[in-house]
Protein chains: 2
Amino acid sequence: MTAPNGRPADPTRHDTVAAVVRQWHTVHPGLDTGPMEIIGRVNRCAALLQQAEDAPLRRAGLSRPEFDLLGALRRTGHELTPGDLARETFSSGAAVTKRLKQLTERGLVERRGDTRDRRVAHVRLTDAGRELVDGILPEQLEYETAVLSVLTPEARDELAARLGELLGRLEGSLGMLRA
Amino acid sequence: MTAPNGRPADPTRHDTVAAVVRQWHTVHPGLDTGPMEIIGRVNRCAALLQQAEDAPLRRAGLSRPEFDLLGALRRTGHELTPGDLARETFSSGAAVTKRLKQLTERGLVERRGDTRDRRVAHVRLTDAGRELVDGILPEQLEYETAVLSVLTPEARDELAARLGELLGRLEGSLGMLRA
DNA sequence: AGCAGGTGTTTTATCTGTAAACGACTGCGT
DNA sequence: ACGCAGTCGTTTACAGATAAAACACCTGCT
């Protein structure tokens, strides 16, 4: 089924999702649990990884959504409007408004009104904000690298490629639905 | 639209995470963005899949955490205490208390006090609760299958195996940390 | 010019989850 | 028997997210 041949160890047997799937099979023997083995694992991995990721951020006094917002400003290199930030961080406009308020009070971002259209605001990182992001990011990536070191480099590449395929097609097809 | 022509499209180049990684590279050329390509994609996939999954549940008037709780009762086949449910659904005890209150009011679960230890309660599905879960689950799996049909069966198996490997090792090593 | 309709942002009400404190209870050691 | 440490579940207070509506402003049409 899964392992073609050669390796006897089936790694999918040792995680909690596999246990859940086995439980379902004993209760509903005919059920096609294929989707659960992917979706359940993606969800569980995301939960564990996020929890791990939060540690270095908390140390810097930032929540993950806040860091995402600052990161969006840092990586684009130019000013963004609140609407841009909402799209970029996949969150609602209301959430962005709240975060901007807090981050502005902490002196990490600055706002500037648009001269042409007085509805829109332009947000940019302050020097302190940029330094904070640049200070955290390497530490964050180093930490993530450590977490992922449970996999071999080949397994990592393979996984990244497969996830990229899924994500690409998912964003393609689900994105169409929304439009 | 996607691939110019001739070469098969590299799917990892078409997702939003790849775009983000490219942005980081232009700003911090030396950065090792390897971890982002996995963690970022896992998070994004989880967000999209959860959003897709919620549609059929909403139709039945359940939130995902509520369905997880009912599902835990259904698949284990026997009664569980609130503490068991918290562990089984990876949520806090307080959250379980709240959900049990609502689900009890809706007549989907029943509580029974332990005779031996009066602190603990035993929770079980009512007939209505079991029928609800059994009615939703196939529909849910069918929907998930449709969403995942963007991948070939081989890609699905491969992805499930890789995720199982990551999850197994993650739960192994991070689980140690917590203990 | 004036108004209808659309867009960008903020506000409000509401809901959910978590952390911390709490009350109830058991069971062990003395 | 008594008390104390530890466990289980619930309650409370609070931070955070979301959806709906309000608000301010622009643009195109007449």
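Comparing C:dT16, D:dT10, D:dT18 against the side chain of B:Pro82 picks out D:dT10 as the nearest. Counting only heavy atoms from C-beta on, A:Pro65 has its side chain closest to D:dA17 among C:dG17, D:dA17, D:dT11.
Atom P of nucleotide D:dA24 and atom CG of A:Asp114 are separated by 18 Å, given to the nearest angstrom. The nearest whole Å value for the distance from the CD atom in B:Glu79 to the P atom in D:dC8 is 17 Å. Atoms CG (A:Leu69) and P (C:dT9) sit 13 Å apart, rounded to a whole Å. Rounded to an integer number of Å, the gap from CZ of A:Arg99 to P of D:dG16 is 10 Å. As a whole-Å value, the separation of A:Phe90 CZ from D:dA17 P is 16 Å. Atom CZ in A:Arg111 sits about 15 Å away from atom P in C:dG8, given to the nearest Å. D:dA24 atom P lies 15 Å from atom CG of A:Asp117, rounded to whole Å. Between the CG atom of A:Leu62 and the C1' atom of D:dG16 there is a distance of 15 Å, given to the nearest Å.
Sequence order on DNA chain D of the closest nucleotides to A:Arg118 and B:Ala121 puts B:Ala121 first from the 5' end. Nucleotides of DNA chain C nearest to A:Val120 and A:Lys101 differ in position, and the one nearer the 5' end is that of A:Val120. Along DNA chain D, the nucleotide closest to A:Ser92 and the one closest to A:Arg116 are compared, and the more 5′ of them pairs with A:Ser92.
Across all strands, A:Arg64 comes closer than 4.0 Å to no nucleic acid atom at all (heavy-atom distances). Nucleic acid contact class of A:Gly93 (heavy atoms, under 4.0 Å, all strands): base.
Side chain A:Lys98 to base D:dG16: no donor-acceptor pair is found below 3.5 Å. Residue B:Arg119 places no side-chain atom within donor-acceptor reach of the base of C:dT26, judged by atom type and a 3.5 Å distance cut-off alone.
From B:Asp15, atom CG reaches atom CZ of B:Arg41 across 4.0 Å, with rounding to the nearest 0.5 Å. In this structure, B:Arg162 CZ and A:Leu151 CG are separated by 8.5 Å, a value rounded to the nearest 0.5 Å.
More than 12 heavy atoms of other residues, nucleotides or ligands sit less than 6.0 Å from atom CD of B:Glu139.
B:Arg99 and B:Ser91 are linked by a side-chain donor-acceptor pair at a separation below 3.5 angstrom, with hydrogens and angles left out of the test.
For A:Thr33 against A:Val21, the heavy-atom pair with the smallest separation is OG1-CG1, 3.5 Å.
Remark: B:Thr81 is in phosphate contact with D:dG9, judged by side-chain N or O atoms under 4.0 Å from OP1 or OP2.
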